[in-house]
Every structure is written in structure tokens, then in C-alpha cells.
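Each chain gets a letter, A, B and so on, in the order its sequence line appears, and its residues count up from 1. Since the model is a prediction, treat every value here as computed from it, not as a measurement. The basis for the numbers below is simple: all heavy atoms, side chains too, and nothing from hydrogens, waters or symmetry mates.
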2 protein chains.
Amino acid sequence: MVTIADVARHAGVAASTVSYVLSGKRTISTDTRERVQRSVRALGYRPNASARALASQRSNVLALVIPLRTGMHVPVMMQFAAAVVTTARRYDHDVLLLTADEGPEGLERVAQSSLVDALVVMDIELADERVPVLRELPMPSVLIGYPDDADGLTCIDLDFVAAGAHCVDHLADLGHRSLALLGTPSAVYERQTGFAQRTLTGFADAAERRGVVGVETPCEHTFDAILHTVRELLDEHPDITGLVVQNEPIIGPLLDVLRRLGRRVPDDMSLVAICADDVAERQVPQLSSVSIPAERIGDQAVESLITKLEGGDVPALTLLPPALTARESSCQAPHRDLTTA
Amino acid sequence: MVTIADVARHAGVAASTVSYVLSGKRTISTDTRERVQRSVRALGYRPNASARALASQRSNVLALVIPLRTGMHVPVMMQFAAAVVTTARRYDHDVLLLTADEGPEGLERVAQSSLVDALVVMDIELADERVPVLRELPMPSVLIGYPDDADGLTCIDLDFVAAGAHCVDHLADLGHRSLALLGTPSAVYERQTGFAQRTLTGFADAAERRGVVGVETPCEHTFDAILHTVRELLDEHPDITGLVVQNEPIIGPLLDVLRRLGRRVPDDMSLVAICADDVAERQVPQLSSVSIPAERIGDQAVESLITKLEGGDVPALTLLPPALTARESSCQAPHRDLTTA
DNA sequence: ATGGGGTGTCGAAGCGCTTCGACTGGGGTA
DNA sequence: TACCCCAGTCGAAGCGCTTCGACACCCCAT
């Protein structure tokens, strides 16, 4: 293993000079700089990460906390994760992967042992037990999602309240008077997961504001559950003509179930999903949807973190405005509804 | 930040004694040990990871390389990843997440900077460009999957050749004489990804051995692609009564497509999938399947790595035998086929 | 009483880097 | 000509830990 001393010897300078060449923290003459750089390349020198971290008090590693809890949709999580890794690398940082197994103590462990410089925390519940820990930690963190009490935290999220409302507005604008929200599995609500709760709120408030009927139901992932949930929903509310779906993995089977129940999309039933664009576009018919900008959120989370590490200021809460793209799955409500209205 | 010196002072011993208490590498009197442990708790001491890594030449971090390339099925990948993280923690290691963006140099970077002690590498191609790099690296690695030339490497995988053969045998045993393999997206084959290629080989060889017709086709993820692929397949080979599916995300839509094409499962068409058990069980009808033991493979990968780190020997290639579970989607071939045979 | 072998503890060196203060020499200013 | 300043470089200290060799001390055997 080649050390900075080897490079220094090879280039005929002091080790500190090599360090300054590499970091750029002091001016170095062109001549010396090039000589050192040549030695670095010739010897294939790579600074030892631990030594660097010990001396500089910076590990250049970010923690990424992905609980992977039941009911969560993994591909979406990974879109966030991939964006975080990519952006972190752009700022010369690596990413340590933490799952939920360790609970809040896991965060303390990596933070207090200086394994990482900062944390990105995903899948936030309204009363998340990790939040008090994060507040006390001696290093910056960014939450993807936000708890009820976000005091002193930095949070980034899609504005799910607005997303829920957008869906209602879109359908109400098309003349639909009776809507349902087909949500995530009930475990997600029971945990009081932020994005699910807030969509619910946005949906319910908007329905009231628009004077339309809005009912909500969770939905599990199995085909039987979907069939049962939808059948019961339509039995109890036969006049429903608009469905908002926030549950990516059930989208395929749901279309199937609706067909089975004799409801054509969009003629008998309009659909708006809250999901990634590519998922919406892959369906038949293509779904009107509010997209989840996972990449942008992941990017921004890392950028905020880097800014905080450099002592900069970032907004406490960044809510990205949702965008609804109308595709084939939503259209004017059937006539009888319009006349009733 | 409390250091080992603080603990030593608080307990009235030398710093080295504290270190030995923590590591157990020398005998310490019960009295001293307990006093030190009390001080550790009282001060909330956590060893500094960088200092420890620098002094001991061990970072206690494993790299997990997940390319996340196009066509891969993310949830399966994440099952591996979750297992790797969990098992790594059991051995007091953390996991650094690397994606493909950096290519082989990324591996060199983390290895040569001593950021990690060892690597777990996923999604191996038959002629993987990372393999020569891994061979030269001054630290152990384990591949999940295996390349054509696995000399000097440690690899763990499901025996996909046997998996492909199992599916054929199962269907042939049920009297099916004409089978098709509905595979991964063509990008995966073009990359010569190990698991896909080997399943193909196992499928083709077994078909020949059993004297049945076996055709193969890749299949993209969109609904239209599935419809088109299956329709074409059945047009060209109308006598096909058995389908082997190695493409998790298309399973739902595929059942839909078959229904649309007027083929009942299993009466007109038997289906065997190569996928996670929970996915197979979630379908209607439930799918006969060869399961992918992601958790066991992830576990074992880490365990082999730890063994290697401790100087132990591990087998160069561990192939887990596939297990086929018969469920509702496969049954005896329709009579006319049996009489033909 | 004396020597020998454990057992338990200590001090110091060193892991490879960053960073601070100090030093040198050359160029500009007074 | 004398002085100062700055660019460029060096040496040393120190980051917090592990580990090695040394050294007490106690107990047992002689």
C-alpha cells in the first residue's frame, strides 16, 4: 500500500505539500503541483480513507436509512436510493446503507462513532421515533418525508396533501361527484406514515371543498384483497365514478379487477394514480397520474445535506408541488351524474 | 465527543486497558473490567470508527455493489441487499452501497482507499468487466452469481441451469410436449447476465433430453410487449401447453394476456415461474414455481466473506439446489397431447 | 526464603493523513 | 539600499485508536 510519504519521497517534497496539492487548500507552484501529480499517478496513490477521516474529522460518508418496512413499495424506495448514491458521489461522498433492523440506536451508532458525516432518512412516520434522536445528533440530517413536529429538522417531500387534492380536483372538474381513494395497505396507515396520511387529508379536504363524496379505503397487495376491497367499495357506493389510487403494486391487478366487475376504464370509471410516470405509462389504458419525482427528491436531499455540512443554510421544509398528467384513464363523468349535479 | 482517554481517566486505568476490555484480546481482571464497562456506559463512549480503522487496518465495512441496470427486477435485488445488511450487522459490519455508475474503478476506489474490508458483488455477467478487477484487489470478495471464468473467485448462486431443467422436467412429467421459456427483457440477455443465460441453457438441454419441443423468447415489461410476444409465440407454436416464466414483473399482466387470448391457466396452459415464493402465492391461480432464495444467498455471501476475512477457507463456487413447488398453475397436459406422445 | 511462571496492567509507538505555524527567498515599495 | 510582504514549502503535532513489549505482583513450588 502506497502512502503519502511514498509520494512525497518520489516527488522530492514534503508530505504536507502532497496533501496541499491534493486538497488545493494552499497555493502550490505549477511546477511542484505537476511533479506531485505525476508521482501520484506513477505510484497509483490513493489516500487512506480512515487516516483522512481521522485527521480531518470528515469521513465523506452519508448514511442512508431505508427501513424497508412492510407495505412499502420497494422500487420507489430504490429510485430514491439510487438518486442519493449518484448525487452523493457527485459531491465525493459515499453512502452507508442502514435498514430498520437496528432502530433509532442504529442512527446513534453510526453518528457517534463518526462513521458518517450526515444522514438521509426515509419513510418518515408522523410521530417517528427516530426524530428525537436525529434532533440530538451532533451532525446534520435530511428527512425524505416529514413528521408532525418538524421543528429543527430539514425535510424534503412531495406535497402529498396537494397531490391528494389535485386528484380530486381533476376528477371533480370532469364532473365526477362520487370518488374513492384506494390507498396503501393498512399497515402503512397504522404506522401513520406521512405520505399516506397526508394524501388522505388532501383527498378528504378537497372532496369537502368541492362538495363531492369522497370515501377512503386501504388496500392490501394480494389479488383477492383487491377484488374484495373494490367489490365491497362499489357495492356500498355504487355511484362512484372516480378512483384515486395510491398503491403502486396493485395498479395492474386493479385494472383487471375492474374489468372483471364489468367497469370499463375510463368510460364507467375514471382512474388517477399517484405513482411513477413510467408505471402510469406502462398500463393499458395509460393512467392519468400525479408523478413521484423520486430522483429530484433524492438529489435535493443530498444537496441540502452537503450545504449544511459546509455550514450553509437550507429551508426547513421543502415541499415539491405535485404535477398531474392527464392520460387515458380519466374522462368526463357519465351523463347521469352530470345532470344530478 | 468522548474518547478512550476520557474513559480511561474516569475508570482510573490506562487507555490500552480500556481497549483490551472492549476487544477482549487480553485477560483483564473482573474488577477492572467491570469498572471500565461502567465508565463506558456512564460516559456514553463510542469508539471512533476512523481511528479504530486506521489503527487496526480494518474498517468493518463491506461494499455491496448493486448495478441496478436496466431490465433487472428491483425487489429481488433488494431482498438480497436487505439480507446482506442484516447479516453484516450480525457480524458487526456495516454496508457501503455502490451502484454501477462508477464502473470497475469504483471497486478499486473503495478497496484501495481501505474504505471497505471486502466486497459483495451482484448481477454478474458471464464476461463481467469487474471480474479481472476483483481478482487483483488486495481484499476478499464474494460474487452473487458467477462469470464464465470464475477462477480464483468465490461465487454463490442459485443453480439456474438446474432451475431451468426442473421446470422442464416438471412440465414434461405432466405430459407436456411443447414448452416455451418466457424470459427476461432482451437487454439482460445481451449483457450475458449469468442467471438468465444459464436458465436458458438448462431449459434447452432438458427439453432436448426429454425429447420435448422448447422454444425461448425474451420479453419486455410493458403490457403491449407481453401481449405481442405471447401472441406471436402461440401463433407460431400453437401446440405449446407449458410456459416457463423467468420475469417477475410480467407475471401479473401475463395471466391477463393469456385470459385475453382465451387460454385458461392451467387447463389450456400450464405455467411455472422462477420467482420469489410470495409473488407466486399472490397470483390467481397460485403459480407453481422455483423459488429464488434471496435471503439465504445474501446471508451466505456475507458469511463466506467474514470467513475469508478471518483467514478461513470457503468453497469457490456454492450452487444452491433449486426447489420447485407445485401449485395451481400447472397440471396434466390436455389429452390430445398425451395421445400424440 | 527464593526463584519461576502466570496474570493483569501500563506506556509508547505507530497507523496515514491534515493542518498549523514557521521559515525562505524573491519582488515590490519606500 | 533597506524593509516588508507574500507565495511556496516544510516540519511537527495531533486526530483516537490498537498493539507490542515491558513490568509488577502474586502464588506456588522448591
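Between B/L54 atom CG and D/dC17 atom C1' the separation is 8 Å, expressed in whole Å. Counting to the nearest Å, the C1' atom of C/dC10 and the CD1 atom of B/I4 are 13 Å from each other. Rounded to whole Å, the distance from CD on B/Q57 to P on D/dG16 is 19 Å. One can place CD of A/Q112 at 13 Å from P of D/dC17, the figure rounded to the nearest angstrom. Residue B/R52 contributes atom CZ, which lies 13 Å from atom C1' of D/dT19 at whole-angstrom precision. A straight line from CZ of A/R58 to P of D/dG16 spans 15 Å, rounded to a whole angstrom. As rounded to whole Å, 15 Å separates atom P of C/dC17 from atom CG of A/N60. Rounded to whole Å, the distance from CZ on A/R33 to P on D/dA7 is 14 Å.
By the side-chain hydrogen bond (donor to acceptor under 3.5 Å, both in side chains) test, A/N48 is found to be paired with no residue, residues two or more places apart in sequence or in another chain being considered.
Here the straight-line distance linking atom CG of A/L158 with atom CD1 of A/I144 works out to 12.0 Å at 0.5 Å rounding.
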(request) Would you please test B/R296 and B/D299 for salt bridge (charged side-chain N to carboxylate O under 4.0 Å, His left out) and show each step? (result) CA-CA 5 Å; B/R296 250 180 76 208; B/D299 272 17; over 6 Å; no
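Other residues, nucleotides and ligands contribute more than 12 heavy atoms inside 6.0 Å of the CD atom of B/E108.
The side chain of B/S56 lies closest to D/dT19, out of D/dC17, C/dG16, D/dT19.
Taking a cutoff of 4.0 Å between a charged side-chain nitrogen and a carboxylate oxygen, B/D123 and B/R69 qualify as a salt bridge.
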Distance-only check: which donor-acceptor pairs under 3.5 Å involve side-chain atoms of residues 11-27 of chain B, not counting sequence neighbours?
from: B/S23; atom 1: OG; to: B/S19; atom 2: O; distance (Å): 3.2
from: B/S23; atom 1: OG; to: B/K25; atom 2: N; distance (Å): 3.2

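In the region residues 7-32 of chain B, proximity to DNA chain D at under 4.0 angstrom, judged on heavy atoms, holds for B/S16, B/S19, B/Y20, B/K25, B/R26.
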